[in-house]
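Residue numbers begin at 1 in each chain, while the letters A, B, ... track the order of the sequences. Here the structure is a predicted model, which means the values were calculated and not measured.
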Amino acid sequence: MISQLSRPASGDRIAPGDPQRLLRLRHTCAHVLAMAVQRLFPETQVTIGPPTDTGFYYDFDRAIAFTPNDLTGIAAEMRQIIRANLPIVRETVDRNELRAEIDLLHEPYKLEILDGIPPHEPITRYYIGSPDAGLPLEIAEPSLFDDPAAQGQTPTAAFWWDLCAGPHLDTTGEIHPDAFALESVAGAYWRGDEAKPQLQRIYGTAWETPEQLQAYLQQKEEAKRRDHRKLGQELDLFSIQESAGGGLVFWHPKGARMRLLIEDYWRNAHLTGGYDLLYTPHIANLDLWKTSGHFEFYRDNMFDSMDIESQQYQLRPMNCPFHVLTYQNRLHSYRELPLRWAELGTVYRYERSGVLHGLMRVRGFTQDDAHVFCLPEQVSDEILAVLNLTEQILSDFGFTEYEVNLSTRPAKSVGADAIWDLATDALIQALDRKGWAYVTDEGGGAFYGPKIDIKIRDAIGRLWQCSTIQVDFNLPERFDLHYVAADGSRQRPIMVHRAIFGSLERFFGILVENYAGDFPLWLAPVQLRLLPVSDGQRDYANAVAQTLKREGFRVGVNASGDRLGKQIRTAELEKIPVVAVVGKREVEQQTLSVRTRQDGDRGALNLTELQVLMEESIADRGRG
RNA sequence: GCCGAUGUGGCUCAGUGGUAGAGCACUCGAUUCGUAAUCGAGCGGUCGCGGGUUCAAAUCCCGCCAUCGGCUCCA
């Protein structure tokens, strides 16, 4: 039955530190996990277990759910397998022999994987432990492994195998027993298909050294510290309330102030960047959505329509049809094009309850949407202009590193091939002119056209999808849009959809996480707080605050009557960028004792000096 | 929507069948204070919602809602 047992070829070996080795280590960890699980819970069926960016996972089928407590036991079992330093052996097997063997083991998922391997591809499996040394685990006496802690030692006769293309490490001992950790258990569909049975996925993380594991765990802690949901509450920026419903955002005064700053910046950038602004309704006749194709292609994400005087009305999930109607309202000459129309358009989408996530995934949000109506020969220039505007805006918010994706035609889509090719070429041409490298995501486009997606890298290296640029030949067709060409004929304009922030809610969440709530002065909801040392300085503090407010600064006076130490502590916890202490000395000398979050005590400054200090920081947008 | 976990004053959390607790916040009083928490008192909860079991439910059971970790989907 066993044929061609072999170690990996010697040329196959790789040194520590090689990314390929880390991939193998994680893949091997997944196998060790699966072996440990089947030793502890023999009724469990195995499926697949690949490496991930930070570790590995393995999907199991078991009637009883794994508990967090189980994970501790499984990890301990994994360490035993690692410490036993079992060899990992690759074997090429005959398809029919293996099928017969799997049949005996009652592992239907394994069988399905085997049958999914194309006919002429070699079939390999990987053993942990030597198959010559004893019976495979699956048909061993389960009692032998029921309670490994009571056994006191790893049964040397045990071995385990999985159908796998590899590659793997040579022995389990190459995994450092203190450089991996099991993280969580979650539901996951077999083959990622929600129509198929749901399995239990155990996630783990694995590294070459314990130090690397610690660094990863620290990074996770850091992400937790920056979580916009936590900071949003602590800094009183926004809330999402159960009594109102999930995924609906309440912007509190401080968050709203920041949003206003973001919106003001955005409007100004667009007006100076050649755009005009629109306001359009949040609801409209359902027929509009039938014409646009959204009712057909996007219905799953739309709220149910409502009956208004026997007409069906629809809460909008997108803004585009409204801009199209605006265009359609009168005839346009080719001389007018391109028309660039932008709107901070609030949309409502039905999202399944399980996917809601803070501000990142909500049911009502505002897109910084725009549509460019242009001539075919203008498309490439227009897209390039959008890329330039995107770079300008994102970098002003502190994001200077991007990952760019070009998404092409998906299976479920509308339009002729020639049209798709034209649109895709226009996007590629613009990216090349911009000089941006990009990755192609085949089939990742919208149903109506190809797109460029831009992901931004935040302060701790995470990527967030924000900007999107989409060419659309479909809507102009469906709404029968046209312009009058030079020869008097009516021609079809091309439409470019684009959003730079994506959604204001999500972008705001990303800002909170990027700055960890320590906003640069130009964005901080409260820029300066004056702290009177005692009641005698309150009038002076209020007068200074009034003056600075008139100059456009966002200033408050601490009115609590707390002692100075407490006032400073409160301001620090609220992450207020600048505080100014006002005591007897300052009133006498007409100064302020300034303390910034960034630099600490700055000593006594007069009002003008403080203004200059703040204006410089505001102009700098936090880059300094 | 699915799998699992969680839900106790504004916030963070104790409380496993027998009269709902702490710290912070808030209010009041005293203190008028110099760079991360002054002292004292007080207010505040039908324990997510609705059913059920029980002499008795925050606690046990069922349903629903929301949140968290994932899956699927996505700005």
Side-chain angles (χ1 to χ4, degrees), chain A residues 57 59-60 62 64-68 70-71 183-203 224 227 229-230 233-234 236 239-248 298 300-301 317-319 345 347 349-369 444 446 451 453 455 464-468 470 497 499-507 509-510 531-538 560-574 579-586 593-595 597 600-603:
Chain A
Y57 66 80
D59 287 347
F60 301 98
R62 178 177 182 239
I64 308 159
F66 293 113
T67 66
D70 290 335
L71 293 190
E183 298 187 285
S184 61
V185 53
Y189 298 106
W190 170 233
R191 297 257 144 115
D193 181 348
E194 61 183 330
K196 296 204 157 89
Q198 192 159 40
L199 309 168
Q200 294 187 61
R201 174 171 300 177
I202 296 178
Y203 278 96
K224 224 167 143 184
D227 193 314
R229 295 165 298 186
K230 181 170 170 273
Q233 165 144 277
E234 285 172 5
D236 197 16
S239 61
I240 293 169
Q241 308 201 26
E242 187 174 345
S243 54
L248 302 169
Y298 205 71
D300 289 349
N301 278 293
M318 294 200 183
N319 306 304
V347 297
R349 297 184 184 173
Y350 167 68
E351 298 284 358
R352 304 200 283 183
S353 57
V355 307
L356 300 175
H357 182 92
L359 295 179
M360 302 301 184
R361 193 76 182 271
V362 292
R363 283 178 173 159
F365 59 99
T366 301
Q367 293 180 311
D368 66 319
D369 212 352
K451 60 178 181 173
D453 288 324
K455 289 180 185 149
W464 303 94
Q465 149 93 60
C466 290
S467 316
T468 180
Q470 309 174 352
H497 308 242
I500 292 173
F501 298 140
S503 112
L504 280 176
E505 283 74 6
R506 172 182 281 181
F507 189 74
I510 294 167
L531 314 181
V533 175
S534 62
D535 287 346
Q537 294 87 47
R538 184 142 294 131
S560 67
D562 289 335
R563 291 187 181 177
L564 183 60
K566 178 63 179 290
Q567 292 189 49
I568 287 172
R569 178 181 155 81
T570 306
E572 288 291 343
L573 292 176
E574 289 180 38
V579 298
V581 174
V582 183
K584 274 186 193 146
R585 255 195 333 262
E586 287 76 13
S593 287
V594 175
R595 178 187 157 118
R597 242 176 101 69
D601 202 336
R602 298 287 294 257

**Q** Taking any heavy-atom pair under 4.0 Å as a contact, classify A:A499: base, sugar-phosphate, or nothing.
**A** nothing
**Q** Using whole Å, report how far CZ of A:R361 lies from P of B:C68.
**A** 13 Å
**Q** Distance between the P atoms of B:U46 and B:A20, in whole angstroms?
**A** 13 Å
**Q** With a non-hydrogen cut-off below 4.0 angstrom, is A:S593 in contact with a base, only sugar-phosphate, or nothing?
**A** base
**Q** Base, sugar-phosphate, or nothing: which does A:A186 touch, judged by heavy atoms less than 4.0 Å apart?
**A** base
**Q** Could you tell me the separation between the CZ atom of A:R506 and the C1' atom of B:A75, rounded to a whole number of Å?
**A** 5 Å
**Q** Out of B:A37, B:G34, B:U32, which has the shortest distance to the side chain of A:S534?
**A** B:U32
**Q** Answer with base, sugar-phosphate or nothing: what part of the nucleic acid does A:F501 contact at a heavy-atom distance below 4.0 Å?
**A** nothing
**Q** Considering only atom P, compute the distance from B:C26 to B:A5 and round it to an integer number of Å.
**A** 38 Å
**Q** Can you tell me how far C1' in B:G51 sits from the matching atom in B:C65, rounded to whole Å?
**A** 15 Å
**Q** Which one is paired to B:C43, where only Watson-Crick or G-U wobble pairs with both distances under 3.5 angstrom count?
**A** none
**Q** Base, sugar-phosphate or nothing for A:G192? Non-hydrogen atoms, less than 4.0 Å.
**A** sugar-phosphate
**Q** Looking only at side-chain atoms of A:E242, point me to the closest of B:C73, B:A66, B:U35.
**A** B:A66
**Q** Tell me which nucleotide, if any, is Watson-Crick or G-U wobble paired with B:C55 when both distances must be under 3.5 Å.
**A** B:G18
**Q** Any N or O donor-acceptor pair under 3.5 Å from the base of B:A37 to the side chain of A:R569?
**A** yes
**Q** Specify the closest pair of heavy atoms between A:Q367 and A:N319, including all atoms of both residues, with the distance to one decimal.
**A** OE1-ND2, 3.1 Å
**Q** Apply salt bridge (Lys or Arg N to Asp or Glu O under 4.0 Å) to A:K224 and A:D227, showing your working.
**A** CA-CA 5 Å; A:K224 224 167 143 184; A:D227 193 314; over 6 Å; no
**Q** Looking only at atom P, what distance separates B:C2 and B:A14, rounded to whole Å?
**A** 29 Å
**Q** Tell me: CG of A:D227 to C1' of B:U12, nearest whole Å?
**A** 16 Å
**Q** Using purine N1 to pyrimidine N3 plus N6-O4 or O6-N4 for Watson-Crick, or N1-O2 and O6-N3 for G-U wobble, both under 3.5 Å, which nucleotide pairs with B:C73?
**A** none
**Q** Mark this stacking check for A:F365 against B:A75 as yes or no, applying ring centres under 5.5 Å and ring planes under 30°.
**A** yes
**Q** Determine which nucleotide pairs with B:G9, using a 3.5 Å limit on both distances of a Watson-Crick or G-U wobble pair.
**A** none
**Q** Between atom CG in A:L359 and atom P in B:U67, what is the gap in whole Å?
**A** 12 Å
**Q** Quiz question: going by heavy-atom distance under 3.5 Å, is there a donor-acceptor pair between the base of B:C2 and the side chain of A:Q198?
**A** yes
**Q** With a 3.5 Å limit on both atom pairs, tell me what B:A30 is paired to, counting Watson-Crick and G-U wobble, or say none.
**A** B:U38
**Q** Look through every strand shown and name the nucleotide pairing with B:C68 as Watson-Crick or G-U wobble, where both distances are under 3.5 Å.
**A** B:G4
**Q** Does A:Y350 get its side chain close enough to the base of B:G1, under 3.5 Å, for a donor-acceptor pair?
**A** no
**Q** What's the gap between B:C68 and B:U27 when it is taken at their C1' atoms, as a whole Å value?
**A** 34 Å
